[in-house]
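Okay, so here's the structure we're looking at.
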There are 2 protein chains.
Amino acid sequence: MGPMGDMTEPRWLDDEEQRTWRAYLHATTLLEDHLDRQLQRDAGMPHIYYGLLVQLSQAPRRRLRMTELAKSAKITRSRLSHAIARLEKSGWVVRENCPSDKRGQFARLTDEGMDVLRRTAPGHVAAVRQALFDRLAPEQVEQLGAIMRVMAEGLEPADPDADLPWLR
Amino acid sequence: MGPMGDMTEPRWLDDEEQRTWRAYLHATTLLEDHLDRQLQRDAGMPHIYYGLLVQLSQAPRRRLRMTELAKSAKITRSRLSHAIARLEKSGWVVRENCPSDKRGQFARLTDEGMDVLRRTAPGHVAAVRQALFDRLAPEQVEQLGAIMRVMAEGLEPADPDADLPWLR
DNA sequence: GACTCGTTCTTGAAAGTTGAACTACATACG
DNA sequence: CGTATGTAGTTCAACTTTCAAGAACGAGTC
């Protein structure tokens, strides 16, 4: 990015870009709200908490280290601590000590947690389908995937050394 | 949606859909986080608050009724009340009584608020550009717009009578 | 061992969000 | 009018997220 105090006129969005950007903001907030409400109603937790349970359900022995879980859910460790505390109160997750690193903690999905997931996953998939995949043409699904992957590339939390190639 | 207790196996996402859905979740959360941090750093407020100022800046006399603003920002009136209270403390917005409806309130963008917007808009546009438009091919911008419009259609808060056509 | 430094995870307080209850005013209808 | 019902906005309590410490351990160095 340019130096501070850069006085050059910024490149504003053109018409097509504006329309797309507005549509993006509109659609993504509507979908996030929709899924949040759907899951709050049917599973008693917000979308992000549900995502945590899903991650755990797919992990070996249904458990993950806190830091790994935080990374894959793209939230801070602090936020995760609070979230896991809440999920633990609900009985869907338990914490377990890590024998090889006494600082470490695992979050493990309980059987109750797995049950909640089994009960609510169909409704959640249905909601996603209904909002997205049942409304898009197959090409559009591919296009969306490609676009999202491009976006993610540009935003990926940088490898600490990635911007220091001259040091290698 | 089907009746409760529906025992039929739900249609899960196929491979392509899974990949796209994951990419969508990944990319949208990364972008939202990125913009939130960028605006928190450069403008001292989260993305949604910035959006409120933008809406106001484009409205006639730089003011809108609370309910209208809430609708166009797609947030609850409750959330808006808190947000405007906060923006009022920062001096960027003021509340004004509505003469024609004594229940009503306008939120009006102050000159200070307008200044913040002028100062920070270039950086924000640059961030959006860098994350999105500078990385997408022109066709992809169009595709993204089309896809987001389809999504929004399916999620649009329903007109109360929209699903009761037989009553007209 | 003792020192330093980095990592893991938690904590507490402040800020933000939600959904329901509530106040005040508007509108419709008899 | 008067009463009922709806709408605009705020407020409260419960919950979630953020930010800035902080406690506990690991790893390297002397």
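Order of the sequence lines fixes the chain letters, A, B, ..., with proteins taken first and strands second; residue numbering starts at 1 for each chain.
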Got B:Val128 and A:Glu17 here, is their nearest side-chain heavy-atom distance under 4.5 Å?
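No; the side chains remain at least 4.5 Å from each other.
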
Do B:His124 and B:His47 have side-chain heavy atoms sitting under 4.5 Å apart?
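The answer is yes; the side chains approach within 4.5 Å.
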
Between [X] ([atom1]) and [N] ([atom2]), how many Å, whole number?
X        : N      : atom1 : atom2 : result
B:Asp101 : C:dA26 : CG    : P     : 5 Å
B:Asp36  : D:dT17 : CG    : P     : 13 Å
B:Asn97  : C:dC25 : CG    : P     : 11 Å
A:Asp33  : C:dG19 : CG    : C1'   : 14 Å

In residues 73-88 of chain B, what residues come within less than 4.0 Å of DNA chain D, judged by heavy atoms?
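Within this stretch, B:Arg77, B:Ser78, B:Ser81, B:His82 sit under 4.0 Å of the strand.
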
Evaluate the ring planes of B:Trp21 and B:Tyr24, with Trp represented by its six-membered ring, and classify them as parallel (under 30°), tilted (30 to 60°) or perpendicular (over 60°).
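It falls in the parallel class, under 30°.
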
Check DNA chain C against residues 43-72 of chain A and give the residues with a non-hydrogen atom under 4.0 Å, in numerical order.
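DNA chain C contact set from residues 43-72 of chain A: A:Arg65, A:Met66, A:Thr67.
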
More 5' along DNA chain D: B:Gly104 or A:Pro99, using each one's nearest nucleotide?
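Result: B:Gly104.
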
Side chain of A:Arg37 only, please: which of C:dG19, C:dG6, D:dG6 is the nearest?
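Nearest nucleotide to the side chain: C:dG19.
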
If you check the B:Arg103 side chain, which of C:dC9, D:dG26, D:dG6 turns out closest?
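Given the options C:dC9, D:dG26, D:dG6, the side chain of B:Arg103 is closest to D:dG6.
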
Does the side chain of A:Glu156 come under 3.5 Å of the side chain of B:His26 through a donor N or O and an acceptor N or O?
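Yes, side-chain donor-acceptor contact under 3.5 Å.
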
Does one side chain, of A:Asp14 or A:Gln18, offer a donor that lies under 3.5 Å from an acceptor on the other?
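There is no such pair between these side chains.
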
Counting only N and O atoms by type, is there a donor-acceptor contact under 3.5 Å from the side chain of B:Thr120 to the main-chain atoms of B:Ala43?
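A pair under 3.5 Å: no.
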
Does B:Thr20 use its side chain to pair, donor to acceptor, with the backbone of A:Val141 at less than 3.5 Å?
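Here the side-chain-to-backbone pair exists.
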
A:Arg19 atom CZ: more than 12 heavy-atom contacts under 6.0 Å:
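12 or below, so no.
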
Does B:Arg95 place a side-chain N or O at less than 4.0 Å from the phosphate oxygens OP1/OP2 of D:dT10?
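Result: yes.
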
On DNA chain C, compare the nucleotides closest to A:Phe106 and A:Gln40; which residue's is nearer the 5' end?
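That would be A:Phe106.
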
Residue among A:Arg61, A:Arg62, A:Arg108 satisfying salt bridge (Lys or Arg N to Asp or Glu O under 4.0 Å) with A:Glu96:
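The salt bridge (Lys or Arg N to Asp or Glu O under 4.0 Å) with A:Glu96 is passed solely by A:Arg108 among A:Arg61, A:Arg62, A:Arg108.
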
